[in-house]
Amino acid sequence: MREKAIIRSLWLSFQYIKEMKVNKTRFCPSPTGLLHLGNLRTSLFSSLLAKKDNGSFLLRIEDTDLERSKKEFSVAICNDLKWMALDWDEGPEVGGKEDSYYQSERIDLYEEFYNTLLEKDLIYPCFTSEEELKIIRRNQIASGQPPRYTGVWSNATEEEVRDELDKGNKPVYRFRIPKDRTIEFKDLVKGEQSFSTVDLDDFIVRKKDNTPTFMFANAIDDSLMGVDLVLRGDDHLSNTPRQIALLEALGLSLPTYAHVSLFTGSDGAPLSKRNGSISINDLREQGYLPIAVANYLSRVGHTISDNDLKTYGELADSFKIDNISTSPSKFDKDQLLYWQKKAVEDLNIDECKGWLKDSLEDLPSSIDKEDFIALIKDNINFPHEAQDYLNNLFLTPLGERSEIIDVIKSAGKDFYLQAQEVITSEIIDWNETAKNIGSTTGKKGKELFMPLRCAITGQTKGPELDRVVNLIGTQQVIKKLKEASEL
RNA sequence: GGCCCGUUCGUCUAGUGGUUAGGACAUCUGGUUUUCAUCCAGGCAACAGGAGUUCGAUUCUCCUACGGGCUACCA
């Protein structure tokens with residue numbers, strides 16, 4: 001017996017030394033709201049870890065809270081994940097060996113485990129109402145006691161239980177937490193953990209309406225579904241010993257745990273609109289590229305030694321669970337923007353076309369879409385900026401562009417009239433033409449180029465003028481110079 | 001109240017019992033681009049505080065402070 005234990009512990013430590021290979025990771029959101037960057041990062045980590053070892057990534061919808069769970073949220077969550085290219089190998093829509101990946105549809109399956117636990121007297125019905133519990137808790141706190149379940153029903157007689165049942169009262173079921181035990185586990189991020197069960201309450205595993213609690217369904221499903229690495233938020237760290245106790249009681253396999261620290265808003269408070277965080281949907285609508293978001297998220301709370309923009313495959317290869325940080329991190333929009341710049345830079349013209357699809361609808365038909373994209377690509381980070389270029393170049397009258405009006409006025413009517421006179425034929429070489437305008441008007445340097453730029457492009461900045469002129473053509477240049485001269 | 005997790009430039013982070021504590025983003029200053037973006041060069045900027053161990057602590061230990069979590073018929 002003792003030898004067996006020694007061999008087992010040797011084997012366990014060997015497992016730690018020999019780097020653990022991940023078979024299956026999971027993400028299990030509850031559809032009570034939209035995904036935020038924090039959830040998304042956790043799911044990205046899980047997905048990358050699975051990909052790295054050629055394992056699979058599972059999605060499970062934890063909709064056991066019947067009141068707060070909404071179908072529309074689970075749809076939105078799936079869409080957000082798909083947009084991010086965090087495709088799951090098993091779960092809603094794609095299926096798998098489970099009948100359902102929605103916990104609300106697995107209620108019958110949990111019944112069997114309740115029965116087992118009941119037979120073994122590991123759970124017991126409790127009739128203390130929520131109101132009573134609240135009062136008890138308040139009194140405990142007031143008298144300096146730790147707020148605990150007092151356990152009045154843990155050793156109730158069959159008669160007492162029958163009485164309540166006869167009165168039509170519905171019980172919740174509590175798990176009998178083993179007393180005087182220490183539950184130990186190794187967290188892959190936080191290290192060795194040790195919890196004494198005297199600090200743990202008999203927690204509820206089944207609610208009055210017969211639905212399972214998170215503590216129960218989450219642990220059981222992970223085990224049943226063969227998840228071997230549970231990577232989740234730090235907020236679950238102290239729930240872990242409870243779930244371990246439960247799984248052990250049921251004789252179910254334990255996953256390895258990794259608890260990732262919180263990802264907060266810029267002010268350290270939970271992510272919300274107020275501290276700069278944006279919903280995944282907003283990110284998509286603003287034109288953030290999924291690969292930019294992935295590159296950013298992979299580097300917050302996790303270290304990648306270089307600063308190269310990586311594909312998902314490359315991110316997975318460079319993802320290391322040992323490089324996950326133990327301390328919380330804050331959202332920084334500038335750093336997201338940096339990756340967005342890199343990702344846009346990396347886009348080829350075709351990809352760019354798809355990205356800008358909705359922003360170029362008003363482009364004049366005489367202008368080649370790809371040429372236009374090539375012209376502005378290096379100057380934009382978001383589709384709306386492409387639209388700005390488009391508007392300023394072709395649509396918005398110069399008179400409505402307050403940013404340039406002073407430049408045009410101070411250059412004067414005559415400047416633009418003279419410029420027009422210089423252009424007598426098709427412009428072949430803009431730089432030559434500009435030089436001629438310079439000698440005719442007597443202007444040079446900034447005095448020459450800025451008024452021309454403003455009139456022709458409708459703004460003070462942008463790509464090189466000769467490229468712009470090349471794209472829009474002589475007639476458009478003349479039209480703009482005329483417009484400027486009439487202001 | 002109990003239990004647990006955490007604290008390195010403004011931000012994301014690297015790192016070590018002896019380092020000029022490194023990088024990136026942001027910011028600032030120059031240069032290139034007759035604009036802007038890019039690019040290049042450079043600057044500013046951090047070990048939460050206190051005690052202990054030690055020849056020596058940012059690194060190890062303890063305490064304190066601060067932040068966070070769990071202690072829910074939420075997940």
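Chain identifiers are assigned alphabetically (A, B, ...) following the order of the sequence lines, protein sequences preceding nucleic acid strands; residue numbering begins at 1 within each chain. Just so you know, these numbers use all the heavy atoms, side chains as well, and skip hydrogens, waters and symmetry mates.
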*Going by the angle between their ring planes, with limits at 30° and 60°, are A/Phe203 and A/Phe175 parallel, tilted or perpendicular?*
tilted
*asked:* Checking base pairs now: Watson-Crick or wobble, both atom distances under 3.5 Å. What partners B/U38?
replied: none
_From the set B/C5, B/C36, B/C3, return the single nucleotide nearest to any side-chain atom of A/Phe195._
B/C3
*Taking atom types as they are modelled, is there a donor-acceptor pair under 3.5 Å from the base of B/A75 to the side chain of A/Asp235?*
no
*Among the nucleotides B/U11, B/G69, B/G2, which one has an atom lying closest to any side-chain atom of A/Asp199?*
B/G2
*Heavy atoms, side chains only, cut-off 4.5 Å: are A/Phe216 and A/Tyr173 in contact?*
no
*Determine the contact category for A/Lys446: base if any of its heavy atoms lies under 4.0 Å from a base atom, sugar-phosphate if only primed atoms, P, OP1 or OP2 are that close, otherwise nothing.*
base
_Side-chain H-bond candidate by donor/acceptor type, A/Asp187 with A/His259, under 3.5 Å_ = yes
*asked:* Among B/U71, B/U34, B/A75, which nucleotide has an atom closest to any side-chain atom of A/Ser30?
replied: B/A75
*Measure from the side chain of A/Lys207, starting at C-beta and using heavy atoms only, and say which of B/U7, B/C74, B/C4 lies closest.*
B/C74
*Would you mind pulling out the nucleotide paired to B/C66, Watson-Crick or G-U wobble, both distances under 3.5 Å?*
B/G6
*asked:* The side chain of A/Ser325 is closest to which nucleotide in this list: B/C74, B/C70, B/U13?
replied: B/U13
_Nearest listed nucleotide, side chain of A/Leu262, among B/G68, B/A14, B/C70_ = B/G68
*What nucleotide among B/G6, B/C36, B/A75 has an atom nearest to a side-chain atom of A/Thr213?*
B/A75
*Can you tell me, in whole Å, how much space there is between the P of B/U7 and that of B/C47?*
15 Å
_Phosphate-side-chain proximity, A/Gln459 and B/C36, N/O vs OP1/OP2 below 4.0 Å_ = no
_Taking the P atom in each of B/C9 and B/A21, what is the distance between them to the nearest angstrom?_
15 Å
*Could you point out which residue of A/Asp202, A/Asn155, A/Asp121 forms a side-chain hydrogen bond (donor to acceptor under 3.5 Å, both in side chains) with A/Arg176?*
A/Asp121
